[in-house]
There are 2 protein chains.
Amino acid sequence: MNRLGPTLLKPRKAPKQTRSAATIEAIHTATIQVLLAEGVARLTTTRVAERAGVSIGTMYQYYPHKQALLFAIVEQQLETVTAFMLAAADRLRGRHVGDVAEGLATAWLDVKTSDSQAFRAIYSIAAEFDLAEGMGRALKHMAEVMSQLLAAAPDANFEDCDAVAFMLASMIGGSVRTVMDAAASEENLMRLRRELPLACRAYVTAVR
Amino acid sequence: MNRLGPTLLKPRKAPKQTRSAATIEAIHTATIQVLLAEGVARLTTTRVAERAGVSIGTMYQYYPHKQALLFAIVEQQLETVTAFMLAAADRLRGRHVGDVAEGLATAWLDVKTSDSQAFRAIYSIAAEFDLAEGMGRALKHMAEVMSQLLAAAPDANFEDCDAVAFMLASMIGGSVRTVMDAAASEENLMRLRRELPLACRAYVTAVR
DNA sequence: ACCTGAACACCGTTCAAGT
DNA sequence: ACCTGAACACCGTTCAAGT
């Protein structure tokens, strides 16, 4: 499986002119519109270009291929989530490990269910192309933030703080993703919202 | 009122069916071979047909479209996993809740990492088409088995056993999937193998 | 009755030709 | 310098024509 380097996934052209910036913005929003209105299967370069009001040739001036476009969308979503989680982390600094774990789980649930339609739509992009690198990076980043937070807790006494943070990030990210794209009924989301914070608290308290 | 169909009037030995079975099997293994050798992006109907030694027309006689073929592959994998987990469940019946949770996590890790190459390859199919239904069904089934197992534990005293089982299934399935397709380094798999059973035990023990 | 593969509609991507 | 869209290679799927 060939993995594209990050260089190739970036926009080919920097938007120096206001016009270019507007064009990129138009392509960007057109992509999300087409995705929400027609689904992944019908998300084609032709349709996006048409909706954005540019020719395909122009689109290929800004994004070297379809993957680059999708990558940009996912990247933006990832940044939103990251910013939200960093804010939550700030509020949790210095609290006891149980509170930290529970607070992180709740924050993650909040941000992921806040605009679930868009989030699910963008999740569905993931499979279409190689998202592994971006997701891996996000997971690692989350784990680092969590590790730092856990280490700063007054009752912290972990044998391997990084490992605990990694497990926490994996179980929060993984369970929310699984429920959201495999069984996102109202009842299941309620269960998750009730049980996941408990599970996270129980885990860190037990290994503290 | 059961009228005998023409099927029963045909020769009892049906060479056609044996041949069909062989053809289906050939298509099936060809799909996995192409997937492993060339990746999802190059998994095309043409290539599968060529590798299986049949024409595309013939392939479309057995599978109405590409999705049906992929679905069949995923379905078979799901059955393997289910059988493995049911066997593990049998061994864990009547044990304490902590042992049950830990044992289930370990069993899941074992089956998912046993032939990780094939599992990751087949996971990668998921995104390509609508796997949500199959995954949702598998998750529900897992949760049911776990619920029954937890309820049968001698020290069980859950307020909502189904919710706990659902959470357990989500966190086991989700974290393993996330790590495997986003950050499957040897170190991370080791961490997961060490921490996930602990987390599961801590959770069920805390809410028991 | 069953298999074949050219043909079709559509996709992602390119690039000569315009402005 | 930048945009356009016909053209290209390839995809999933069909169906008239073979055996």
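Chain naming here is simple, since letters A, B, ... match the order of the sequence lines and numbering starts at 1 in each.
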Protein-nucleotide distance (B/Y60, atom OH; D/dC11, atom C1'), rounded to Å: 9 Å
Within-4.5 Å side-chain heavy-atom neighbours: A/I24 and A/Y63: yes
Runs of at least three consecutive pairs that involve DNA chain D, where pairs are Watson-Crick or G-U with distances under 3.5 Å: C:4-8 with D:12-16, C:12-16 with D:4-8
Sugar-phosphate only, base, or nothing, as touched by A/L43 at under 4.0 Å among non-hydrogen atoms: sugar-phosphate
B/I27 CD1 to C/dC3 P, straight-line distance once rounded to whole Å: 10 Å
Spacing of B/M59 atom CE relative to D/dC15 atom C1', expressed in whole Å: 17 Å
SB check B/R137 B/E75 (cutoff 4.0 Å): yes
Nearest-angstrom distance from the residue atom CD of A/E50 to P of C/dG12: 13 Å
Distance test, side-chain N/O of B/S55 to OP1/OP2 of C/dG5, below 4.0 Å: no
Beyond-backbone contact of B/L92 with B/L149, side-chain heavy atoms, under 4.5 angstrom: yes
Side chain proximity check, A/E187 to A/M190, heavy atoms < 4.5 angstrom: no
Phosphate-side-chain proximity, B/Q61 and C/dC3, N/O vs OP1/OP2 below 4.0 Å: yes
Any A/V207 side-chain heavy atom under 4.5 Å of A/M167 side chain: no
Euclidean distance, atom CD1 of residue A/I24 to atom P of D/dC3 [Å, nearest integer]: 11 Å
Whole-Å gap separating C1' (C/dC10) and NZ (A/K66): 12 Å
OP1 or OP2 of C/dC10 under 4.0 Å from side-chain N/O of A/R47: no
Position toward the 5' end of DNA chain C (nearest nucleotide), A/G57 or A/T46: A/T46
Short side-chain donor-acceptor distance under 3.5 Å, B/S170 and A/R191: no
Sugar-phosphate only, base, or nothing, as touched by B/T44 at under 4.0 Å among non-hydrogen atoms: sugar-phosphate
Candidate nucleotides D/dG12, D/dG5, C/dG12, ranked by approach to the side chain of A/I56 - the nearest: D/dG5
Residue pair B/Q76 / B/H28, side-chain heavy-atom distance below 4.5 Å: yes
Sugar-phosphate only, base, or nothing, as touched by A/T58 at under 4.0 Å among non-hydrogen atoms: base
Phosphate-side-chain proximity, A/Y62 and D/dC3, N/O vs OP1/OP2 below 4.0 Å: yes
Sugar-phosphate only, base, or nothing, as touched by A/R42 at under 4.0 Å among non-hydrogen atoms: nothing
